[in-house]
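Residue numbers run from 1 in the order of the sequence given. Because the structure is predicted, anything quoted here is derived from the model rather than measured. Note that ligands are numbered from 1 as they come in the structure, with each ligand's atoms numbered from 1 the same way.
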Amino acid sequence: MNNICLVTGSSGLIGSESVSFFSNKFDQIIGIDNNMRMQFFGKEASTEWNTLRLQSEVANFKHHAADIRNLNELEVIFQQYGSDIKLIVHTAAQPSHDWAANDPITDFTVNANGTLNMLEMCRKHCPKATFIFTSTNKVYGDTPNFLPLIEQEKRWEISESHPYYKEGIDELMSIDHTKHSVFGASKVAADVMVQEYGNYFGMNTAVFRGGCLTGPNHSGTKLHGFLSYLMKCAITGDKYTVFGYKGKQVRDNIHSWDLVNMFWHYHQAPRGGQVYNAGGGRFSNCSMAEAVEMCQIITGKPMNYEYTEANRIGDHIWWISDVSKFKNHFPEWHHHYNIQDILTQIYAATTARVGAH
Ligand SMILES: NC(=O)c1ccc[n+]([C@@H]2O[C@H](COP(=O)([O-])OP(=O)(O)OC[C@H]3O[C@@H](n4cnc5c(N)ncnc54)[C@H](O)[C@@H]3O)[C@@H](O)[C@H]2O)c1
């Protein structure tokens with residue numbers, strides 16, 4: 001074996017998409033995932049089904065149930081594969097704002113220390129590998145909420161005269177002097193460290209700051225996985241709660257395949273230490289109200305939802321990622337799946353998984 005791709009969080013949404021995507025591009029795919037998502041969010045968020053699916057579908061996939069916080073466990077894996085590792089896609093994380101506030105130490109040790117462990121393993125065993133990190137737009141904290149937003153019938157929008165109107169928010173927005181939430185702060189620590197391993201050590205590291213990442217393989221749950229959980233409720237009839245902003249908050253949504261395709265383009269011509277906003281952009285976005293409407297049309301039945309005045313702390317009112325920096329660096333890349341495609345796929349996959357119509 002001399003061409004290995006290593007994926008952390010390999011049973012999660014982005015990790016599992018990476019395993020499938022890269023399986024015919026590398027000799028072997030090594031997955032690291034200890035199903036900590038179940039510990040975070042309970043049984044319904046378990047990613048074990050996805051581990052089993054990958055093990056049966058992807059012939060060159062090898063799973064390790066290691067914990068990225070445990071350097072000794074990582075050392076064993078990296079010693080085994082060494083410089084054959086050409087690409088690392090690091091997605092393992094505690095991904096929720098609300099959860100992080102209840103246990104900041106676990107959140108930080110997974111998100112920040114875990115990322116540092118991965119960077120060090122890469123520097124020690126395969127320093128020439130490409131290192132991809134899935135960061136988040138929450139590193140910008142609540143700064144976007146102070147933009148001049150206009151209330152429309154079904155969504156908040158930015159004023160047409162604003163520079164962000166055309167393409168969305170770019171990477172130059174400050175990540176300082178803002179309320180990040182505990183989760184946002186642990187991701188900032190990791191994000192900056194990944195940049196540093198590129199800028200200081202000259203490694204091929206890249207930070208992808210995701211908007212809403214989504215797709216049919218998300219184990220959606222109340223605290224994480226917006227569209228996936230929304231569609232699950234639309235199918236089962238479980239009550240969905242909309243938090244604040246009149247239900248008009250706007251998120252951009254990128255299909256996991258489109259994001260992983262970004263990683264692939266980057267890996268073929270890496271530029272160390274770069275930061276890219278990575279979301280659906282103007283191509284794929286919706287407000288909460290619009291998403292509910294689309295779910296109702298797709299399932300053909302009304303949703304059972306309620307509205308609560310209090311918004312989630314640090315939740316964005318309007319976020320559209322400007323992906324033009326990435327497109328300038330990699331002009332061949334473009335979005336494939338819009339919001340309609342995404343919801344239709346989630347509907348099909350969720351119906352099959354939860355078995356209800
Ligand atoms: N989903 C989104 O909307 C979104 C948005 C922006 C950024 N991100 C970031 O993208 C990345 C991937 O997100 P996702 O939606 O695929 O998450 P996910 O929860 O579906 O997948 C993460 C996986 O990591 C595993 N994991 C967690 N802690 C671990 C540990 N200590 N050791 C080993 N494995 C561990 C989990 O079991 C899970 O399977 C995360 O870093 C997240 O912060 C996600």
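- Screening D191, T134, T136 for a side chain to side chain donor-acceptor pair (under 3.5 Å) with R209, the sole residue that qualifies is D191.
- Within the listing of ligand 1, atoms 39 (O) sit less than 4.0 angstrom from a heavy atom of S11.
- For H218, every heavy-atom contact with ligand 1 shorter than 4.0 Å involves the side chain, none the backbone.
- Taking the six-membered ring where tryptophan is involved, the planes of H329 and Y276 are perpendicular, since the angle between them exceeds 60° and thus also 30°.
- Outside the 6.0 Å centre-distance limit, the rings of Y245 and W156 are not counted as a close aromatic pair.
- H218 and S228 share no side-chain donor-acceptor pair at under 3.5 Å.
- In this structure, K187 is part of the shell of residues with a heavy atom less than 4.0 angstrom from ligand 1.
- Note: H316 and W319 have parallel aromatic rings, judged against thresholds of 30 and 60 degrees for the angle between ring planes.
- Near A92, meaning under 4.0 Å from one of its heavy atoms, ligand 1 places the atoms 24 (O), 26 (N), 34 (N), 35 (C).
- Proximity of G211 to ligand 1 is established by a heavy-atom distance of less than 4.0 Å.
- Counting heavy atoms closer than 4.0 Å to ligand 1, residue D33 contributes atoms from both its backbone and its side chain.
- With values rounded to the nearest 0.5 angstrom, L230 atom CG is found 9.0 Å from I346 atom CD1.
- Looking from atom 27 (C) of ligand 1 to the surrounding protein, the closest heavy atom is A93 O, 3.4 Å.
- The closest approach between any non-hydrogen atom of S135 and ligand 1 is below 4.0 Å.
- Counting protein heavy atoms only, atom 20 (O) of ligand 1 is closest to L13 N, 3.0 Å.
- At the shortest separation from atom 22 (C) of ligand 1 among protein heavy atoms lies T91 O, 4.0 Å.
- Checking Q94 against D107 by side-chain atom types alone, a donor-acceptor pair falls below 3.5 Å.
- Here CZ of F283 is found 5.0 Å from CG of N338. Values are rounded to the nearest 0.5 Å.
- Neither the backbone nor the side chain of S256 has a heavy atom within less than 4.0 Å of ligand 1.
- Listed by atom number, the atoms of ligand 1 under 4.0 Å from N35 heavy atoms are 37 (O).
- The option with the heavy atom closest to atom 26 (N) of ligand 1, from among T136, V139, N50, N34, is N34.
- Within the 3.5 Å criterion, the main-chain N or O of V139 finds a donor-acceptor partner in the side chain of H180.
- At under 3.5 Å, not a single nitrogen or oxygen of V110, backbone or side chain, sits near a nitrogen or oxygen of ligand 1.
- At the top of the distance list for atom 8 (N) of ligand 1, counting protein heavy atoms only, stands L213 CD1, 3.5 Å.
- Checked by distance only, ligand 1 and I32 stay at 3.5 Å or farther apart across all their nitrogen or oxygen atoms.
- Shown in contact with C212 at under 4.0 Å from a heavy atom are these atoms of ligand 1, numbered in order with element: 3 (O).
- Checking only distances, G210 never comes within under 3.5 Å of ligand 1, N or O to N or O.
- Outside the 6.0 Å centre-distance limit, the rings of H265 and H267 are not counted as a close aromatic pair.
- Nearest to atom 28 (N) of ligand 1 by heavy-atom distance, out of H90, E48, M36, is M36.
- Within ligand 1, counting atoms from 1 as listed, the ones closer than 4.0 Å to a heavy atom of D67 are 30 (C), 31 (N), 32 (N).
- Between H335 and W333, the two ring planes are perpendicular [angle over 60°; tilted spans 30° to 60°].
- Between I339 and C286, the closest heavy-atom pair is CD1-SG, 3.7 Å.
- The closest side-chain donor-acceptor pair between E157 and Y165, if any, does not fall under 3.5 angstrom.
- Close approach of ligand 1 to T47 is summarised as follows: ligand atoms under 4.0 Å from at least one heavy atom of the residue are 37 (O), 39 (O).
- In terms of protein heavy-atom proximity, atom 19 (O) of ligand 1 is nearest to R37 NH1, 2.7 Å.
- Nearest protein neighbour of atom 13 (O) of ligand 1, counting heavy atoms only, is I14 CG1, 4.3 Å.
- At a heavy-atom distance under 4.0 Å, only backbone atoms of A66 (N, CA, C or O) approach ligand 1.
- How far CD of Q28 is from CZ of F61: 10.0 Å, rounded to the nearest 0.5 Å.
- Among protein heavy atoms, the minimum distance from atom 21 (O) of ligand 1 is reached at G12 CA, 3.2 Å.
- D322 and S324 are linked by a side-chain donor-acceptor pair at a separation below 3.5 angstrom, with hydrogens and angles left out of the test.
- Ligand 1 has no atom lying under 4.0 Å from any heavy atom of G114.
- There is a side-chain donor-acceptor pair under 3.5 Å between S11 and T51.
- A heavy-atom separation below 4.0 Å is not found between Q94 and ligand 1.
- Protein heavy atom in closest approach to atom 32 (N) of ligand 1: I68 N, 3.1 Å.
- Not a single N or O atom of G9, backbone or side chain, sits closer than 3.5 Å to an N or O atom of ligand 1.
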